[in-house]
Amino acid sequence: MAESKKYISQEDLSKHNRPGDLWISIQGKIYDVSDWANYHPGGELPLLNLAGQDVTDAFVAYHPGSAWQHLDQFFTGSYLEGYSVSEVSKDYRKLVNEFTKMGLFENRGLGVHFSLFLVAMLFSLSVYGVLYSDSTWVHLGSGGLMGFLWIQSGWHGHDSGHYQIISSKRLNRFAQILTGNCLAGISIAWWKRNHNAHHIACNSLEFDPDLQHMPFFAVSSKLFNSLTSYFYDRKMNFDAFTRTLVSYQHWTFYPVMCLARLNLFAQSFLLLSSKRLRVNNRVQEILGLLVFWIWYPLLVSCLPNWGERVMFVVTSFSVTGIQHVQFCLNHFSSSVYVGTPIGNDWCENQTNGSLDIECPSWMDWFHGGLQFQIEHHLFPRLPRGNLRKVAPLVKELCKEHKLPYKSVSFLKANELTIGTLRTAALQARDLASPVPKNLVWEAVHTYG
C-alpha cells in the first residue's frame, strides 16, 4: 500500500524563516536548506530573504536544469498544502523551457571576446597616453579612457555574477578577478553578494541594497520612517543631517555619481575584512584588490605634476560615473515597497520594479544589457547578447497578464529619476520642521 503524503500549511512553512531553520517550497515539495545556506553559491541572503515561502519561479530563474538533481538531499518528505501555480507563472516557466531548448542560456556569442578585447585596448591606450605623451590633453583623454575601461569591466563583473561568460570555470574565474578586482578595484565577491540580494528583493526598501543610499538619497518618503536595512543589518536613520542632504538630492545626484566609485572601493574592503561574513576565496579576492592598488596609484604618479594627477583621477571617476547613473535609472523611478520579498510573485515583483531603456542595437555595448532590465530581471542567467532576441516574447507575456512593461529613452529615464528624487526631496522639506526656504529656493523651485 502506497504511503500517504504528508502536508504542511503555508502558515507552518512561513515559521521556518530564520538562520538555522530555513525551509522553502519548490513545486510543492518542502526542502530544508538550513545547512546549505553556508555553502550556497549565490550566498546565504537569497535563502534568508525567501525562506518560508514557495520559491519555484526564483529557483527556475537562477538555476540551470542540472541543479534540480541536487534537491532530493534537502527534501523533508512533506508537501505544501494547497499548492497551485498561477497562470503567469505557468507561462513564465514555459518561456524558460523554450529558451533552454533554443540554447539561449548557453549561446554567449562573440560579444564576450569582443568586450574583453575592448577592455585590453582601453587599458593599453590609457597607459600609453600617460607614459609616452607630454600633452595635458592626452593625459586628460587617458583618464577618460580609464573611466570607459572601468565601465566595460563592470559589465563583465555583472555578467559573470549571473552566468559563466567563458566556458571554462577556471578561465571564467580568472576573467572575474582580472576585470573586477585587478583592473577596477571592485571585489567580485562583494558584487555578487550585493547584486543577488538586489535581484531577489527588487525594489524592497528594506531588503534591496540598491535602494539603500541614505544619507545621500531616498527614493521614497517611506524611508523617512528610519527603516531597517536587512542587507547591512542596521537602521537607516532619517536624522537632521540625512534630511538636509536628501532635501537637495535632485541637485547632488550627478555630482555624487561622479564619486560613487569610492563607495564601491569601501564596500569591497569592508566585506573582505569582515570576520562575520563568509567570503569564498577571500585571499584571492584580497590579492586581486592589492594588484589594483599597486598599478593605479603607480600609473597616476607617472604624471608630471599634482594638477594633472588630480585631473586624471577626477576624469576617470567622472566618466565611470555614467555607469553608476545607469544602475539607478532602471529602478529609482519604478514602484517600491516595504516588506519581505515574495517568492511566488516573481514576475510581478520584477516587472513592477524595473524599467527598460530604448536604444538602437549598435548602442547595446554602451548599456551593457541594462537597457533590457525587465528581461534581465526575469531571466538573469540569459547572456546579454540574447536579451534583445527575447524582448518581444517578454513584452507579449506582460501584455497577456497585464504586467507593467515600461520602456523609455535614456533621456526620459534620467528625467524620471530626477523627478523621483525631487519629489522625495520636497517631501523631506515639508515635514513638521521644514528646512527654511529663501527667495533663491523659491525662484529655483517655482513651477506650474
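Keep in mind that the numbers below use all heavy atoms, side chains included, and drop hydrogens, waters and symmetry copies. Please read all numbers here as calculations on a predicted model, not as lab measurements.
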| request: Spell out, as yes or no, whether a donor-acceptor pair under 3.5 Å connects the side chain of Asn352 to the backbone of Glu348. | output: yes

ask   = So, is the end of the Arg309 side chain (NZ or CZ) under 6.0 Å from the ring centre of Phe312 and within 45° of the ring's axis?
value = no

| said: Surrounding CZ of Arg170 (heavy atoms of other residues, nucleotides or ligands, distance under 6.0 Å), is the total greater than 12? | reply: no

For Asn349, the side-chain contact (heavy atoms from CB on, under 4.5 Å) test, sequence neighbours excluded, returns Ile342, Asp345

One should read off an interatomic distance between Phe217 CZ and Gln249 CD, to the nearest 0.5 angstrom, of 7.0 Å

Should we count CE of Met121 as having more than 12 external heavy atoms under 6.0 Å?
-> no

message: Between Ser229 and Glu206, is there a side-chain donor-acceptor contact under 3.5 Å, judged purely by atom types and distance?
response: no

Q | Val336 side chain reached by Leu211 side chain, heavy atoms, under 4.5 Å | A | yes

The complete set of salt bridge (Lys or Arg N to Asp or Glu O under 4.0 Å) pairs with one or both residues in residues 38-51, sequence neighbours excluded, reads Glu44-Arg193

Please check if the distance between the ring centroids of Trp150 and Tyr296 is under 6.0 Å. yes

Closest non-hydrogen atoms of Lys389 and Leu104, given as atom of the first, atom of the second and distance, are CD-CD2, 4.5 Å

Output for pair (Leu22 CG, Leu47 CG), nearest 0.5 Å, gives 6.5 Å

- Side-chain contact, heavy-atom cut-off 4.5 Å: Ser354 with Lys406? no

**Asked** When you look at CZ of Phe253, are more than 12 heavy atoms from neighbouring residues, nucleotides or ligands closer to it than 6.0 Å?
**Response** yes

For Ser115 and His156, the nearest pair of non-hydrogen atoms, with its separation, is CB-NE2, 3.1 Å

*For the residue pair Leu277 and Leu271, establish whether any side-chain heavy-atom pair is separated by less than 4.5 Å.*
yes

Give a yes/no verdict on a cation-pi contact between Arg261 and Phe317, requiring under 6.0 Å between NZ or CZ and the six-membered ring centre and an angle within 45° of the axis. no

Residues passing the ring pair (Phe, Tyr, Trp, His ring centres under 6.0 Å) test with Trp190, sequence neighbours excluded, are none

Residues pairing under salt bridge (Lys or Arg N to Asp or Glu O under 4.0 Å) where one sits in residues 150-164, two or more places apart or in two chains, turn out to be Asp159-Arg384

Are His324 and Leu264 close enough, and set up right, to give a side chain to side chain contact (heavy atoms under 4.5 Å, CB included), and what steps lead you there? CA-CA 10 Å; His324 296 294; Leu264 273 59; 3.6 Å; yes

For the pair His376 and His199, evaluate side chain to side chain contact (heavy atoms under 4.5 Å, CB included) and give the outcome as yes or no after the intermediate values. CA-CA 10 Å; His376 170 61; His199 268 263; 3.1 Å; yes

Residue set satisfying ring pair (Phe, Tyr, Trp, His ring centres under 6.0 Å) with Trp295, at least two apart, ordered chain then number -> Phe123, Phe292

Open item on the list: Please evaluate residues Leu393 and Phe99 with respect to the criterion side chain to side chain contact (heavy atoms under 4.5 Å, CB included), reporting the C-alpha separation (whole Å), side-chain torsions for both, the decisive distance (0.1 Å), and the verdict.
Closed with: CA-CA 10 Å; Leu393 297 175; Phe99 295 164; 3.6 Å; yes

Tightest non-hydrogen contact, residues Asp210 and Phe332, listed as O-CE1, 3.7 Å

Output for pair (Leu48 CG, Ile200 CD1), nearest 0.5 Å, gives 11.5 Å

Side chain proximity check, Val338 to Ser204, heavy atoms < 4.5 angstrom
no

The salt bridge (Lys or Arg N to Asp or Glu O under 4.0 Å) partners of Glu415 (sequence neighbours excluded) come to Lys412

For Arg93, the salt bridge (Lys or Arg N to Asp or Glu O under 4.0 Å) test, sequence neighbours excluded, returns Asp57

Rounded to the nearest 0.5 Å, the CG atom of Leu370 sits from the SG atom of Cys359 at a distance of 10.5 Å

Run the side chain to side chain contact (heavy atoms under 4.5 Å, CB included) test on Gln371 and Phe410 for me, step by step, so that the C-alpha distance in whole Å, both residues' side-chain angles and the decisive distance to 0.1 Å come before the verdict. CA-CA 9 Å; Gln371 74 276 30; Phe410 184 69; over 6 Å; no

Note: Thr351 and Cys398 closest approach over all heavy atoms is CG2-SG, 3.9 Å

Test item: His377 and His331 side chains (from C-beta on) under 4.5 Å apart, heavy atoms
yes

Do any side-chain atoms of residues 171-184 form donor-acceptor pairs under 3.5 angstrom with protein atoms, and if so which ones, sequence neighbours left out?
{"residue": "Asn172", "atom": "OD1", "partner": "Ile165", "partner atom": "N", "Å": "2.7"}
{"residue": "Asn172", "atom": "OD1", "partner": "Ile166", "partner atom": "N", "Å": "3.3"}
{"residue": "Arg173", "atom": "NE", "partner": "Gln284", "partner atom": "OE1", "Å": "2.6"}
{"residue": "Arg173", "atom": "NH1", "partner": "Gln176", "partner atom": "OE1", "Å": "3.3"}
{"residue": "Arg173", "atom": "NH2", "partner": "Gln284", "partner atom": "OE1", "Å": "2.9"}
{"residue": "Arg173", "atom": "NH2", "partner": "Glu285", "partner atom": "OE2", "Å": "3.0"}
{"residue": "Gln176", "atom": "NE2", "partner": "Ser160", "partner atom": "O", "Å": "3.0"}
{"residue": "Gln176", "atom": "NE2", "partner": "Ser160", "partner atom": "OG", "Å": "3.3"}
{"residue": "Thr179", "atom": "OG1", "partner": "Ala175", "partner atom": "O", "Å": "2.7"}
{"residue": "Asn181", "atom": "OD1", "partner": "Ile188", "partner atom": "N", "Å": "3.2"}
{"residue": "Asn181", "atom": "ND2", "partner": "Glu285", "partner atom": "O", "Å": "3.0"}
{"residue": "Asn181", "atom": "ND2", "partner": "Glu285", "partner atom": "OE1", "Å": "2.8"}

Just so I know, are the side chains of Trp191 and Ser187 near enough to count as touching, which here means a heavy-atom distance under 4.5 Å?
no

Validation: residues 220-227 side-chain donor-acceptor distances under 3.5 Å, sequence neighbours left out:
{"residue": "Ser220", "atom": "OG", "partner": "Lys222", "partner atom": "N", "Å": "3.1"}
{"residue": "Asn225", "atom": "ND2", "partner": "Lys222", "partner atom": "O", "Å": "3.4"}
{"residue": "Ser226", "atom": "OG", "partner": "Phe238", "partner atom": "N", "Å": "2.9"}

Distance col, row Phe105:CZ vs Asn386:CG, nearest 0.5 angstrom, shows 9.5 Å

Practice prompt. Might you confirm whether atom CG of Asp239 has over 12 heavy atoms from other residues, nucleotides or ligands at distances under 6.0 Å?
Written response: yes

Q. Under 6.0 Å from the CG atom of Asp35, do we count more than 12 heavy atoms belonging to anything else shown?
A. no

Contacts of Arg388 meeting salt bridge (Lys or Arg N to Asp or Glu O under 4.0 Å) (sequence neighbours excluded), chain-then-number -> Asp364

Minimal heavy-atom distance between Gln350 and Cys202, with the atoms involved, is OE1-CB, 3.7 Å

Taken to the nearest 0.5 Å, the spacing of Leu245 CG from His213 NE2 works out to 14.5 Å

- Answer with yes or no after comparing the ring centroid distance for Trp365 and Phe114 against a 6.0 Å cut-off, counting only values under it. no

Taken in chain and number order and not counting sequence neighbours, the residues that satisfy ring pair (Phe, Tyr, Trp, His ring centres under 6.0 Å) with Tyr230 are Phe207

Side chains of Leu145 and Leu149, heavy atoms from C-beta outward: is any pair under 4.5 Å? no

Check: Regarding Asn97 and Thr100, is there a side-chain donor-to-acceptor distance under 3.5 Å anywhere?
Finding: no

Note: Val313 and Ser316 closest approach over all heavy atoms is O-OG, 2.8 Å

Applying ring pair (Phe, Tyr, Trp, His ring centres under 6.0 Å) to His139 and not counting sequence neighbours gives none

Open item on the list: Do Leu95 and Phe379 make a side-chain contact, defined as non-hydrogen atoms from C-beta onward lying under 4.5 Å apart?
Closed with: yes

